[in-house]
Amino acid sequence: MGVGLLRRGRFARPMEPAASEYISSMKDDSVIFHPVVQINIAHTIMLAEQGIISGKEAAAILRALHELHRGGISKLDLRPELEDIHIAVEEFVTKKTGEEIGGKLHTAKSRNDQVATAIRLALRKKLLDLEERLLGLASTLLAQAEKNIDTIMPGYTHLQIAEPTTLSHHLSAYVTAFLRDIERVEHAYELTDTCPMGACAFAGTSFPIDREMVARLLGFKKVGENTMDAVGSRDFALQAMSAAAIAIDNLSRLAEEIILWSSAEFSLIDIPDEFSATSSIMPQKKNPVVAELARAKAAKVIGNLAGALTLVKALPQAYNLDLQELTPLLWNSIDETVSSLEVMAKLVASIKPKREEMLARAKRGFSVATELAANLVREAGISFREAHSVVGRMISMAIASNRTAGELTVEDLKRASHEVIGREITLNPEKLRKALDVENCLASRNVVGGPGPKAIRRQLTALKQRIQTHHKKLWTWRRAVTKAEERLLNEAEGRLR
Ligand code: ARG
């Protein structure tokens, strides 16, 4: 092949091997193999329809592309000297048809519009996988939440016991967050669903091409408008990486809590053996390794986003080879997030809450203090700030005498109020007992979005409906993508004779 199809005109010598190895994207291009073949098929059909090449020429090219589609990437010569998969595909077709025909395949296109289109085609599917995994995790969390409406646990702020809540409410917080991630992924999908083909190098072409036709054949919603932007922009990829980074950031918080809760110090949940590893030296160890790695993967995905943003930051328009370096970061971000979501959903489904421990912790930690203050406002007619101070003094009295909140008495209330606000406040003992009862406290928290049983049931119903709505959207998009692929292949097969 001498200096190669691409170089023989302009250059006298092949590239220095270390240099060609260095600049080749071949090893990363397997992800876009099928998209590149599909784009070539769609482009060839369009060239024939527009009379730019003949029906016979198109048939020969399509026959080669069809064979490649069937046979897979192993049919290609993937040596780095060919630079990338775009050239490898053209070479394959040229070998099959001869250069007089195969040499027409690259009419009115460039690797610049082709690679941008291929990334978008591959990313569309990966974003649907990502949405599916997010929906899977949200559904699993929701199922756990439904089983734990009356599993009382301590809620924390500053990682200090704050107020009682339920495991259902805590897990629903994550479902709510993951639903926002799902919306971000859908937005990224919509921004990705645009076809750059026909932009060529960046300035379009004088051939009478039909960009709309190629976009339609590839199942894109629309054509990328400005041809310079079509080849030079990767913000759709940045959007997808941001959505993935935020999602795995949320996942990492859940992973961290699972790690904390499973420790002896918290002792709120059990992680089953199937998701634990032990130590090679310490025989007693049960390590929460799955959650630890989900936490670590988040760091990589966040790093990928930082790398990609920085890569694009000072790039002049339109195409620069720097962009080639962004693509593997994109795939890594989506793939790591997808696999982390998948395994974490299985872990979440398997977790066993320690109900008695959770309740005991909630009782031990003075978590009812805020509710007692609210009761004093209602029952004794003092201001909230006064009540806050009185209860604060009662708690410090309990701590000094080594008692729990449940052991506080009306005498404590009288003494504390006298000391702090100079007025003696009292409450009948039954009302004080109720105010200090964790279950009672929760039962009254039915404000919209709250952890009370009525409020949480309303939330769970609403969350379930939202999950279903997104499920429908996901499957509509999936069907559209699959149908477009089938239609394209049928179109091609119809032209082979
Ligand atoms: N391998 C390239 C990439 O992944 C394809 C486009 C190359 N374009 C070029 N003019 N060299 O971005």
Side-chain angles (χ1 to χ4, degrees), residues 3-11 14-40 42-43 73 76-94 105-126 192 194-205 214 218 224 227-238 240-241 304 307-335:
V3 287
L5 211 58
L6 218 54
R7 297 175 62 85
R8 65 183 179 195
R10 179 67 179 82
F11 296 123
M15 215 172 192
E16 146 71 36
S20 85
E21 176 95 41
Y22 187 69
I23 66 132
S24 170
S25 58
M26 207 60 101
K27 63 182 186 317
D28 298 313
D29 282 348
S30 55
V31 182
I32 56 168
F33 167 71
H34 276 292
V36 167
V37 176
Q38 286 163 355
I39 292 163
N40 275 288
H43 184 72
I73 193 167
L76 290 180
D77 176 358
L78 296 172
R79 281 175 304 125
E81 296 90 285
L82 270 64
E83 291 192 20
D84 55 32
I85 197 127
H86 310 281
I87 301 304
V89 168
E90 187 179 333
E91 261 223 6
F92 176 89
V93 171
T94 306
L105 175 58
H106 212 59
T107 312
K109 72 177 170 66
S110 154
R111 284 185 285 174
N112 297 351
D113 57 351
Q114 187 160 298
V115 75
T117 309
I119 294 169
R120 285 169 183 269
L121 280 176
L123 182 57
R124 272 198 323 198
K125 283 192 178 181
K126 282 185 184 283
T192 301
T194 293
C195 186
M197 284 307 289
C200 302
F202 81 89
T205 177
V214 176
L218 294 170
T227 56
M228 183 179 280
D229 176 66
V231 300
S233 66
R234 291 292 183 274
D235 50 272
F236 68 96
L238 297 175
M241 294 174 85
N304 286 341
L309 285 165
T310 315
L311 188 151
V312 173
K313 172 183 157 292
L315 272 193
Q317 292 280 7
Y319 185 86
N320 301 271
L321 198 55
D322 309 46
L323 292 176
Q324 173 173 294
E325 212 60 22
L326 187 148
T327 314
L329 299 180
L330 170 63
W331 305 144
N332 183 259
S333 281
I334 310 286
D335 294 349

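Start at 1 and go down the list; that is how both ligands and their atoms are numbered. No experiment lies behind these values; they were computed from the predicted model shown.
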Inset, instruction - Check whether any side-chain heavy atom of Arg234 lies under 4.5 Å from a side-chain heavy atom of Ile119, and answer yes or no. - result: yes

Inset, instruction - Indicate yes or no for a side-chain donor-acceptor contact from Ser24 to the backbone of Asp84 under 3.5 Å, with no hydrogens or angles considered. - result: no

Inset, instruction - Mark yes or no for whether Glu91, through its side chain, and Gly4, through its backbone, hold a donor-acceptor pair below 3.5 Å. - result: no

Legend entry - Results of side chain to side chain donor-acceptor pair (under 3.5 Å) for Asn112 - residues two or more places apart only: none

Inset, instruction - Check side chain to side chain donor-acceptor pair (under 3.5 Å) between His86 and all other residues, then give those that pass, not counting sequence neighbours. - result: Gln114

When you pair each N or O of ligand 1 with protein N or O atoms, which pairs come out under 3.5 Å?
{"unit_1": "ligand 1", "atom_1": "1 (N)", "unit_2": "Ser25", "atom_2": "OG", "d": "3.0"}
{"unit_1": "ligand 1", "atom_1": "1 (N)", "unit_2": "Asp84", "atom_2": "OD2", "d": "2.9"}
{"unit_1": "ligand 1", "atom_1": "1 (N)", "unit_2": "Gln324", "atom_2": "OE1", "d": "2.8"}
{"unit_1": "ligand 1", "atom_1": "8 (N)", "unit_2": "Asn112", "atom_2": "OD1", "d": "3.1"}
{"unit_1": "ligand 1", "atom_1": "10 (N)", "unit_2": "Asn112", "atom_2": "OD1", "d": "3.3"}
{"unit_1": "ligand 1", "atom_1": "12 (O)", "unit_2": "Tyr319", "atom_2": "OH", "d": "2.4"}

Inset, instruction - Taking side-chain contact (heavy atoms from CB on, under 4.5 Å) as the test, write out the residues that go with Phe33, two or more places apart. - result: Val37, Leu68, Ile73, Leu76, Ile85

